[in-house]
Amino acid sequence: MDKISWEVGGTQVTGKKVQHIPTLRNNPNSSDKEKESVRLWNIMVNALRENGLMKEKGEE
């Protein structure tokens, strides 16, 4: 059996970065489900940005 290991933290750029993705804003008239969807979307976008997996705005 092979031993598998990994590291947590730091940038993990090993390939292509995804295109720039904007964060979303909540609309005051949104339902709770829509607000939660926006919150989760923004968590995903921020995680990609913080780990260097997303191109910066204007970067090609």
Side-chain angles (χ1 to χ4, degrees):
M1 177 181 274
D2 292 335
K3 186 174 182 177
I4 299 173
S5 63
W6 65 86
E7 294 180 22
V8 177
T11 58
Q12 302 172 5
V13 178
T14 57
K16 295 172 66 176
K17 295 181 181 182
V18 297
Q19 292 293 329
H20 174 75
I21 304 168
T23 54
L24 301 175
R25 295 184 188 160
N26 274 318
N27 181 337
N29 299 327
S30 298
S31 69
D32 289 342
K33 289 180 181 180
E34 290 170 326
K35 289 177 183 177
E36 181 65 7
S37 295
V38 168
R39 186 184 77 79
L40 293 173
W41 176 266
N42 290 340
I43 288 172
M44 179 202 64
V45 170
N46 291 333
L48 288 171
R49 185 178 297 127
E50 290 167 3
N51 288 292
L53 300 172
M54 179 173 64
K55 294 180 182 179
E56 294 296 324
K57 190 173 184 178
E59 183 181 340
E60 291 187 27

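Just so you know, residue 1 is the first one in the sequence shown, and it goes up from there.
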Task: side chain to side chain contact (heavy atoms under 4.5 Å, CB included) partners of Q19, counting only residues at least two apart - done: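 Testing Q19 for side chain to side chain contact (heavy atoms under 4.5 Å, CB included), a comparison that skips the adjacent residues, returns K55.
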Task: Minimum-distance pair of heavy atoms, taken over all atoms of N26 and E34 - done: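 It is OD1-O, 4.3 Å.
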Open item on the list: Do L48 and I43 sit in one hydrophobic cluster, given that two such residues count as connected whenever their side-chain heavy atoms are within less than 4.5 Å of each other, even indirectly?
Closed with: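 The answer is no; the residues belong to distinct hydrophobic clusters.
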TODO: Using the rule that two of Ile, Leu, Val, Met, Phe, Trp, Tyr join whenever any of their side-chain heavy atoms come within less than 4.5 Å, decide whether M54 and L24 are in one cluster.
DONE: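 Linked, M54 and L24 end up in one cluster.
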Open item on the list: Quick one, V18 and L53 - any side-chain contact, counting heavy atoms below 4.5 Å?
Closed with: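 No. Closest side-chain heavy atoms not under 4.5 Å.
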TODO: State the NE2-CD distance between H20 and E56, to the nearest 0.5 angstrom.
DONE: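 The NE2 atom of H20 sits 8.0 Å away from the CD atom of E56.
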Task: Interatomic distance, T23 atom OG1 to R49 atom CZ [nearest 0.5 angstrom] - done: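 Answer rounded to 0.5 Å: 6.0 Å.
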- [ ] May I ask you to check whether over 12 heavy atoms, not counting those of N27, lie within 6.0 Å of atom CG?
- [x]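 Yes, because the 6.0 Å sphere around CG of N27 holds more than 12 heavy atoms from other groups.
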TODO: Inspect the contact between R39 and E36 and indicate whether a charged nitrogen and a carboxylate oxygen are less than 4.0 angstrom apart.
DONE: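 A salt bridge is present here (some side-chain N lies under 4.0 Å from a carboxylate O).
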